[in-house]
Amino acid sequence: MSGRRPHRPRTSRRRPCSLASAALAAALAMTAAGCSPDSRRDSAERTERTEQIERGDRTGPSVLRGEAAPTAASPFWIDPESDAARQVREWEQQGRKDDAKALRRISERAVADWPAADNPEPGIHRIVRSAKTARSTAVFVAYNIPHRDCGLYSAGGAQDAQSYHDWIGSFAAAIGDAEAMVILEPDAVPHMTDGCTPAEYHDERYKLLAHAIGRLKQQPRTRVYLDAGNPNWIPDPARLIEPLRRAGIASADGFSLNVSNFQTNDAVKAYGTRLSGLLGDVHFTIDTSRNGAGPLRGDKDEAWCNPPGRALGSPPTTNTGNELLDAFLWIKRPGDSDGPCRGGPSAGTWWPDYALGLARRSKDATA
């Protein structure tokens with residue numbers, strides 16, 4: 001299968017004292033429990049950094065020498081408590097200054113959040129509060145469709161249609177009137193197009209996607225982009241026209257491409273422009289989080305899963321130079337594993353060594 005195998009969303013369960021926990025509330029709870037002898041100092045540093053970013057001061061002294069400010073052309077919210085940000089602080093304390101400096105190419109840039117599949121509201125509330133203070137746009141991924149990922153590395157999803165209705169309703173309500181972009185259900189349409197999702201589930205899935213678009217669009221400042229895979233997965237974009245229409249693309253703001261994949265900007269732009277034309281000039285976004293070196297060659301079946309030698313791509317921005325292309329986004333969190341392949345941990349788990357490789361190989365591309 002040439003499609004990507006994505007990302008296991010986080011759940012809202014309490015986590016142990018580790019870098020995998022990304023929420024500030026969890027970090028403060030761990031401080032109270034005494035997870036580290038330096039926990040008070042770490043908490044103060046986290047609070048100071050959170051306040052700095054929420055004031056809009058995202059550059060500070062940590063911008064890489066010779067590199068443009070990561071968010072100079074980006075309106076998107078940056079998580080001061082991301083796994084990458086925590087890793088930077090840990091490596092700085094360990095004296096790994098060069099590694100920490102390189103990893104700031106991730107920690108100082110906006111990355112989409114994948115809200116919890118069991119209870120999305122607390123995480124979304126935290127983010128939209130911070131994003132409002134910073135006057136920035138929050139980017140979310142709704143990824144909980146029933147029969148998700150054909151039972152593969154990111155299998156799961158809502159138990160049934162009613163559960164999904166309830167979940168997407170909570171998701172949308174939590175966004176409220178915040179400025180937000182939502183990437184809707186990566187893989188859901190392509191997996192029907194390529195036959196991976198059994199035909200018996202197609203009618204329900206189309207209805208669920210159309211419902212999700214309608215519900216999310218009730219929020220006054222939320223833009224919705226329905227996922228359409230990547231050019232290496234469904235090479236002929238004409239095959240996606242009817243599935244996207246049945247899924248409600250006409251009510252969305254556009255479609256998303258290259259989520260968690262590695263296809264180059266040029267290839268995806270060309271594909272997106274063709275698909276857009278077939279749909280009547282619908283707009284689109286591109287995930288550029290890990291496409292700086294393009295896709296891995298020669299291992300098509302596993303090229304999507306933790307491929308070696310990859311690099312960060314164009315930083316998140318709305319300055320794309322293409323009137324149909326609304327944004328370059330980092331939808332996949334760079335450094336999160338694609339799954340237990342090539343020595344990686346389970347899907348969606350932070351993998352600092354892989355993140356560091358992506359950062360070191362990046363070319364600081366801006367377009």
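This chain uses plain numbering: 1 for the first residue, then up along the sequence.
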Checking the side chain of Ser337 only, and the main-chain atoms of Ala347 only, is there a donor and an acceptor separated by less than 3.5 Å? no
Would you say the side chain of Met181 lies within less than 4.5 Å of the side chain of Thr137, judging by non-hydrogen atoms? yes
Check the pair Asp336, Arg290 against salt bridge (charged side-chain N to carboxylate O under 4.0 Å, His left out), reporting the backbone distance first and the verdict last. CA-CA 11 Å; Asp336 278 10; Arg290 305 183 299 172; over 6 Å; no
Measure across Phe262 and Asn291 and return the closest heavy-atom pair with its distance rounded to 0.1 Å. O-CB, 3.5 Å
Could you tell me whether a side-chain N or O of Thr288 sits under 3.5 Å from a main-chain N or O of Ser314, the two making a donor and an acceptor? yes
Would the number of heavy atoms belonging to other residues, nucleotides or ligands and lying under 6.0 Å from NZ of Lys132 be above 12? yes
Flag for Asn261-Asn232: side-chain donor and acceptor within less than 3.5 Å: no
Test item: Glu185 side-chain N/O and Ile145 main-chain N/O as donor-acceptor pair under 3.5 Å: yes
For the pair Ser163 and Asp160, evaluate side chain to side chain donor-acceptor pair (under 3.5 Å) and give the outcome as yes or no after the intermediate values. CA-CA 5 Å; Ser163 297; Asp160 53 34; 2.8 Å; yes
Do Ile331 and Ser260 come within less than 4.5 Å of each other through their side chains, counting heavy atoms only? no
A side-chain contact here means heavy atoms from C-beta on lying under 4.5 Å apart; do Trp91 and Leu103 qualify? yes
For Ile286 and Leu329: C-alpha separation, side-chain torsions, deciding distance, then whether side-chain contact (heavy atoms from CB on, under 4.5 Å) applies. CA-CA 6 Å; Ile286 297 176; Leu329 300 172; over 6 Å; no
For a quick check under 3.5 Å, do Gln162 and Asp166 share a side-chain donor-acceptor pair by atom type? yes
Asp287 and Trp330 side chains, donor-acceptor separation under 3.5 Å: no
Is there side-chain contact between Phe76 and Ser136, with heavy atoms separated by less than 4.5 Å? no
Shared hydrophobic cluster for Trp167 and Tyr201 (ILVMFWY, side-chain gaps under 4.5 Å): no
In terms of heavy-atom contacts, does CG of Asp98 have more than 12 from other residues, nucleotides or ligands at under 6.0 Å? no
I want to check something: taking the side chain as every heavy atom from C-beta on, are Pro295 and Thr264 in contact at a cut-off of under 4.5 Å? yes
Nearest heavy-atom pair of Asn306 and Cys341: which atoms, and what distance? ND2-O, 3.1 Å
Is the closest basic N to carboxylate O distance between Asp187 and Arg148 below 4.0 Å? no
Point-to-point distance, once rounded to the nearest 0.5 Å, from CD of Gln94 to CG of Asp99: 9.5 Å
On a heavy-atom basis, which atom in Ala355 and which in Ile106 lie closest, and how many Å separate them? O-CD1, 3.7 Å
Can you find a pair of side-chain heavy atoms, one from Ser256 and one from Leu226, that are under 4.5 Å apart? no
Quick one: does Ile241's side chain get under 4.5 Å of Leu275's, heavy atoms only? yes
His202 side chain vs Thr197 backbone, donor-acceptor pair below 3.5 Å: yes
Taking Arg205 for the side chain and Ala188 for the main chain, is one N or O donor matched with an acceptor at less than 3.5 Å? yes
Approximate separation, where rounding is to 0.5 Å, of Arg86 CZ and Ser107 OG: 12.5 Å
Are Tyr225 and Phe255 near enough that their ring centres are under 6.0 Å apart? no
State, with a plain yes or no, whether a side-chain heavy atom of Trp77 is found less than 4.5 Å away from one of Asp113. no
Return the CE to CZ distance between Met192 and Arg246, rounded to the nearest 0.5 Å. 7.5 Å
Could you tell me whether Asp326 and Arg223 make a salt bridge, using a distance below 4.0 angstrom between a side-chain N and a carboxylate O? no
Check for a donor-acceptor pair, side chain of Asn258 on one end and backbone N or O of Asn230 on the other, with a separation under 3.5 Å. no
Pairwise distance CG(Leu244) to CD1(Ile249) - rounded to 0.5 angstrom: 5.5 Å
Check: Arg310 side chain, Pro308 main-chain N or O, donor-acceptor pair, under 3.5 Å: yes
Give a yes or no on whether the backbone of Val111 and the side-chain of Arg333 come within a donor-acceptor separation of less than 3.5 Å. no
Would Ile183 and Thr285 count as a side-chain contact (heavy atoms from CB on, under 4.5 Å) if you check the C-alpha gap in whole Å, the side-chain angles of each, and the deciding distance to 0.1 Å? CA-CA 9 Å; Ile183 307 303; Thr285 65; 4.0 Å; yes
Separation between CG (Leu312) and CG (Leu358), nearest 0.5 Å, reads 5.5 Å
Charged N to carboxylate O below 4.0 Å: is that the case for Asp194 and Arg239? no
For Glu323, look at atom CD and say whether over 12 heavy atoms of other residues, nucleotides or ligands are found less than 6.0 Å away. no
At their closest point, which heavy atom of Ala359 faces which heavy atom of Ala102, and how far apart are they? CB-O, 3.3 Å
Could you check His283 against Asp253 for side-chain contact (heavy atoms from CB on, under 4.5 Å), going step by step and ending with a plain yes or no? CA-CA 7 Å; His283 288 214; Asp253 294 272; over 6 Å; no
Between His211 and His165, what is the ring plane arrangement, given parallel below 30°, perpendicular above 60°, and tilted in between? parallel
Heavy-atom count around Gln159 CD within 6.0 Å, excluding the residue itself: above 12? no
Evaluation steps, side-chain contact (heavy atoms from CB on, under 4.5 Å), between Trp351 and Asp353: CA-CA 6 Å; Trp351 188 5; Asp353 290 341; 4.1 Å; yes
Would you say Thr133's side chain and Arg129's backbone share a donor-acceptor pair under 3.5 angstrom? yes
Decide yes or no on salt bridge (charged side-chain N to carboxylate O under 4.0 Å, His left out) for Arg126 and Glu81, but give the supporting numbers first. CA-CA 11 Å; Arg126 177 186 72 87; Glu81 292 302 319; over 6 Å; no
Output yes when a side-chain donor or acceptor of Ser130 lies under 3.5 Å from a complementary backbone atom of Ile127, and no otherwise. no
About how many Å separate CZ of Arg342 and OH of Tyr354, when rounded to the nearest 0.5 Å? 8.0 Å
